[in-house]
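Keep in mind that what you see is a predicted model, and the values were worked out from it rather than measured. In what follows, residues are counted from 1 in the order of the sequence shown.
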Amino acid sequence: MITRYALVASLAVAASTLTAIGPASALEVAQAQQPAQAQPDASGANTPISEQKIEAFAVAYLQVDKVRQEYSAKIGATTDANAKAKLEAEASQQMVKAVEASPNMSVEEYTTILKAAQNDPALAKKVQEKLQTPAPSQQ
């Protein structure tokens, strides 16, 4: 149970980071913030992330971004602090559900790839390319 809450918290932090910026620019910002870190192993990512996982992450990321956009508008239109907090919690839960509903992606894998992309410019570029390219239909 504690692990699940930690994952939800990680996803919520990631989601709140994305509230101010879109999916492609989020990775660009992460790249720009750490251009000198070209060592993927320094971030703790000892194993390379497969193309399949990057694609699954991109699918999940786009679903999470839809939730973010939907709730961002609702939160922005709300002036009551308690209502905003409730909407933020609801958005976080919906983002977790979006990741869990994505094929071949768990919340843990999602947060791991998100963190790795923030620390590894090469991975961030791969993810960004997947986000900007429509999903191939059996090439």
- Message: The test is side chain to side chain contact (heavy atoms under 4.5 Å, CB included); show your working for D65 and Q69 and say whether it passes.
- Response: CA-CA 6 Å; D65 191 55; Q69 289 176 13; 2.8 Å; yes
Any chance the side chains of Q94 and Y71 put a donor and an acceptor closer than 3.5 Å?
-> no
With sequence neighbours left out, the residues meeting side-chain hydrogen bond (donor to acceptor under 3.5 Å, both in side chains) with E129 are none
Nearest heavy-atom contact between A56 and P103 is CB-O, 3.7 Å
Side chain to side chain contact (heavy atoms under 4.5 Å, CB included) filter on K53, not counting sequence neighbours, yields I49, S50, N104, M105, E109, I113
Residues passing the side-chain hydrogen bond (donor to acceptor under 3.5 Å, both in side chains) test with K74, sequence neighbours excluded, are E70
Closest non-hydrogen contact found for F57 with L114 is CE1-N, 3.8 Å
Passes side chain to side chain contact (heavy atoms under 4.5 Å, CB included), I54 versus E51? Steps please.
CA-CA 5 Å; I54 293 172; E51 286 296 317; 4.2 Å; yes
- Query: Y61 versus V99: any side-chain heavy-atom pair under 4.5 Å?
  - Reply: no
Residues at least two apart in sequence or cross-chain that pass side chain to side chain contact (heavy atoms under 4.5 Å, CB included) with E88, listed by chain then number, are I75
Within 6.0 Å of CD in Q52, more than 12 heavy atoms from elsewhere:
no
*Close side-chain approach of V96 to E100, heavy-atom, < 4.5 Å*: yes
What one should report as the nearest heavy-atom pair of A58 and L131 is O-CD2, 3.7 Å
Hits for side-chain hydrogen bond (donor to acceptor under 3.5 Å, both in side chains) against T78, two or more places apart or cross-chain, chain-then-number order -> none
In this structure, CG of D120 is separated from NZ of K126 (nearest 0.5 Å) by 8.5 Å
